[in-house]
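Notes follow the structure.
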There are 2 protein chains.
Amino acid sequence: MHQHIRVTAEAVVLRYSSKEGMMVLLTKRTIPPHIFKWGLPGGFVHNDEPLEACVHRELKDETGLRANYLEQMSTWGNPDRDPRGRVLCVAHLALIRHSASKIVLGAGTKESKWYPVRELPVTAFDHAEIVAAAIDHLRVRLHTEPLAFEMLDEKFPVSELEKLYEWVYDRSVDRRNFQKKINGLGLLAARPEKLKHPLQGRPAQLYSFNREKFLELKESGAPVEIFS
Amino acid sequence: MHQHIRVTAEAVVLRYSSKEGMMVLLTKRTIPPHIFKWGLPGGFVHNDEPLEACVHRELKDETGLRANYLEQMSTWGNPDRDPRGRVLCVAHLALIRHSASKIVLGAGTKESKWYPVRELPVTAFDHAEIVAAAIDHLRVRLHTEPLAFEMLDEKFPVSELEKLYEWVYDRSVDRRNFQKKINGLGLLAARPEKLKHPLQGRPAQLYSFNREKFLELKESGAPVEIFS
DNA sequence: GCAAAAGTGTTAAGGCTACACCCATGC
DNA sequence: GCATGGGTGTAGCCTTAACACTTTTGC
């Protein structure tokens with residue numbers, strides 16, 4: 001018996017802004033199957049290529065983007081998921097800052113677009129399911145892992161972090177309690193500057209993520225709960 | 001360019017007893033590479049076979065066992081992990097009750113043994129790493145998912161559940177607070193009978209997991225935290 | 001009776017929730 | 001001034017953590 005299974009590595013690339021919410025990067029397929037439908041960036045893994053390297057390569061080729069954070073999520077292996085035959089998909093979660101998410105047209109560039117996660121177009125294969133799984137995955141990880149900071153700018157107001165959590169957990173959070181909790185952990189470092197030109201209201205203090213402090217807390221053994 | 005990647009599905013099969021702690025099922029390799037070292041049960045995926053079906057099949061063939069719970073965990077894809085060439089390993093977590101974990105010799109049976117998770121023998125490939133990842137995975141899941149009950153007998157004393165959690169989180173838990181918390185959730189249903197012939201002390205009340213209640217709580221939207 | 005494990009209760013501390021109030025900016 | 005969003009404080013509640021006593025068994 002000879003095994004014939006092909007493998008792709010694909011990524012659910014997410015960006016967030018309080019203005020537009022969570023958005024996912026999709027590329028329009030130019031070949032069958034599912035031609036003209038929208039799919040996740042990714043492609044067939046080279047024989048000697050690590051899975052994450054494949055994702056980075058395909059993402060670069062197709063959209064010119066560089067993920068700020070990348071982790072493996074789950075493998076989709078249903079025998080019927082691809083009409084061409086057995087194709088395994090190793091799905092990844094990729095995060096990118098909104099400010100670094102502009103799609104660049106280039107050599108291997110396909111038509112790519114950011115779509116609101118809750119308003120997807122017609123998608124190829126099981127990719128809509130994979131996007132949903134990525135959000136579930138994020139929901140689990142954001143309780144204890146500092147992944148939110150991979151999507152925010154280096155300097156951000158607390159309200160931006162809060163709104164990101166509100167989007168992911170789909171519930172409103174008390175602004176004042178959120179700020180107290182997050183400051184109590186000491187994970188945010190105040191920057192000297194304040195937010196310039198707010199659309200309305202008092203300019204917000206800008207913070208950056210204190211990764212050293214986070215690692216210190218984690219090493220100390222106490223479980224770090226960023227958000228409950 | 002022609003892709004040539006082979007795919008295996010393997011399982012970290014775990015059983016637990018308060019007497020012996022957490023143990024993992026390993027099979028002795030009978031062919032190179034890593035001949036005579038101990039590896040995870042599993043093998044090459046058939047072309048038209050779902051990943052989980054492959055795990056069940058290999059487990060049955062190699063040890064005669066049937067996993068009580070099976071979920072995909074992570075995919076190990078380092079190009080150098082197998083000297084034979086590119087072999088992807090889709091690792092699964094499998095749980096089995098101690099009372100149903102006796103290895104049965106049969107046709108395709110390899111030499112298999114239960115080993116304490118914290119005292120592994122010399123292992124093949126990256127399988128020791130995968131076992132460690134499975135314990136980490138379990139540590140995350142046990143907070144909110146009722147996987148502990150997949151390893152305990154149908155009827156069990158609360159102390160058995162408590163000790164399982166103590167093993168996984170590697171810390172001692174106050175017996176009385178644990179019982180109150182778990183009873184407060186209403187997830188356990190008292191059975192009419194008590195534990196017969198305890199080695200010492202007062203016979204314990206036996207309980208079984210109330211899955212309906214758990215699903216009800218989960219549906220109600222409130223996040224269910226079984227253990228913190 | 002004694003040791004060992006199981007069942008039940010109490011109390012204090014800390015975290016979270018729900019609030020009210022003031023501040024800084026644009027218009 | 002007024003609207004709007006940002007920063008800080010406080011009181012009550014509820015959960016958790018720490019701990020004492022009683023009960024039921026085997027020997």
Side-chain angles (χ1 to χ4, degrees), chain A residues 17-19 142-144 152-153 155-167 169 171-208 217 220-228, chain B residues 17-19 142-144 152-153 155-167 169 171-208 217 220-228:
Chain A
S17 74
S18 56
K19 200 177 158 203
L142 276 185
H143 280 298
T144 53
L152 299 176
D153 285 337
K155 294 177 270 185
F156 55 87
V158 177
S159 61
E160 202 67 12
L161 180 63
E162 180 207 334
K163 285 172 194 154
L164 193 162
Y165 272 98
E166 289 187 323
W167 192 97
Y169 293 97
R171 61 189 165 95
S172 64
V173 172
D174 187 279
R175 175 178 67 83
R176 297 154 291 189
N177 292 334
F178 182 83
Q179 179 135 359
K180 245 180 312 175
K181 170 85 183 282
I182 205 83
N183 272 326
L185 290 168
L187 295 180
L188 299 189
R191 309 295 305 223
E193 65 268 45
K194 294 192 191 297
L195 184 64
K196 299 289 197 303
H197 308 304
L199 288 88
Q200 277 171 338
R202 173 177 173 174
Q205 176 68 54
L206 293 178
Y207 291 88
S208 59
L217 283 174
S220 79
V224 184
E225 188 180 69
I226 300 172
F227 183 77
S228 56
Chain B
S17 74
S18 56
K19 199 178 158 203
L142 276 185
H143 280 298
T144 53
L152 299 176
D153 285 337
K155 295 177 270 184
F156 55 87
V158 177
S159 61
E160 202 69 11
L161 181 63
E162 180 207 333
K163 284 171 196 156
L164 194 161
Y165 273 98
E166 289 187 322
W167 192 98
Y169 293 97
R171 62 190 165 93
S172 64
V173 171
D174 186 280
R175 176 178 66 84
R176 299 153 289 188
N177 291 334
F178 182 83
Q179 179 136 0
K180 248 179 309 178
K181 170 86 183 282
I182 205 84
N183 272 328
L185 290 167
L187 295 180
L188 299 189
R191 310 295 306 225
E193 64 268 44
K194 294 193 192 297
L195 183 65
K196 298 290 197 304
H197 308 304
L199 288 87
Q200 278 172 335
R202 175 176 175 174
Q205 176 67 55
L206 292 177
Y207 291 88
S208 60
L217 282 174
S220 79
V224 184
E225 188 179 71
I226 300 173
F227 183 76
S228 56

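The chains referred to below are lettered A, B, ... by the order of the sequence lines, with proteins before strands, and numbering in each begins at 1. Bear in mind the structure is a predicted one, so any value in this text is a computation, not a measurement.
Here S159(B) lies in heavy-atom contact (under 4.0 Å) with sugar-phosphate atoms only.
Using a 4.5 Å heavy-atom threshold, the side chains of L206(A) and P157(A) count as touching. Inter-residue side-chain proximity for Y207(A) and L152(A) is flagged as unmet; no heavy-atom pair is nearer than 4.5 Å.
In terms of heavy-atom proximity, N177(B) sits nearest to D174(B) at N-OD1, 3.0 Å. Scanning both residues, Y165(A) and L142(A), for their nearest heavy atoms gives OH-O, 3.0 Å. When all heavy atoms of Q205(B) and E193(B) are compared, the pair lying nearest together is NE2-O, 3.6 Å.
Once rounded to the nearest 0.5 Å, the distance linking CZ of F178(A) with OG of S159(A) reads 9.5 Å.
No donor-acceptor distance shorter than 3.5 angstrom exists from the side chain of E160(B) to the backbone of S17(B), with no hydrogens or angles considered.
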Name every donor-acceptor pair, under 3.5 Å, that has one atom in a side chain of residues 220-228 of chain B and the other anywhere in the protein, sequence neighbours excluded.
from    : atom 1 : to      : atom 2 : distance (Å)
S220(B) : OG     : L217(B) : O      : 2.6

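Sorted by residue number, the members of residues 178-192 of chain B with any non-hydrogen atom under 4.0 Å from DNA chain D read K180(B), K181(B).
Each of Q200(A) and N177(A) was assigned the nucleotide of DNA chain C with the nearest heavy atom; the assignment lying further toward the 5' end belongs to N177(A). Comparing R175(B) and P203(A) by the nucleotide of DNA chain D that holds the closest heavy atom to each, the one mapping nearer the 5' end is P203(A).
With axes fitted over five pairs at each extremity, the angle between the ends of the helix from dG1(C)-dC27(D) to dC27(C)-dG1(D) is 0° (10° resolution).
Heavy-atom contacts of chain A under 4.0 Å fall on DNA chain D between two terminal nucleotides, which in 5' to 3' order are dT4(D) to dT10(D). Bounding nucleotides for the chain A contact on DNA chain C, 5' to 3', at a heavy-atom distance below 4.0 Å, are dC16(C) to dT25(C).
Salt-bridge check for K155(A) with D153(A): failed, with every basic side-chain N at 4.0 Å or more from each acidic carboxylate O.
By the side-chain contact (heavy atoms from CB on, under 4.5 Å) test, E166(B) is found to be paired with E162(B), K163(B), S172(B), V173(B), residues two or more places apart in sequence or in another chain being considered.
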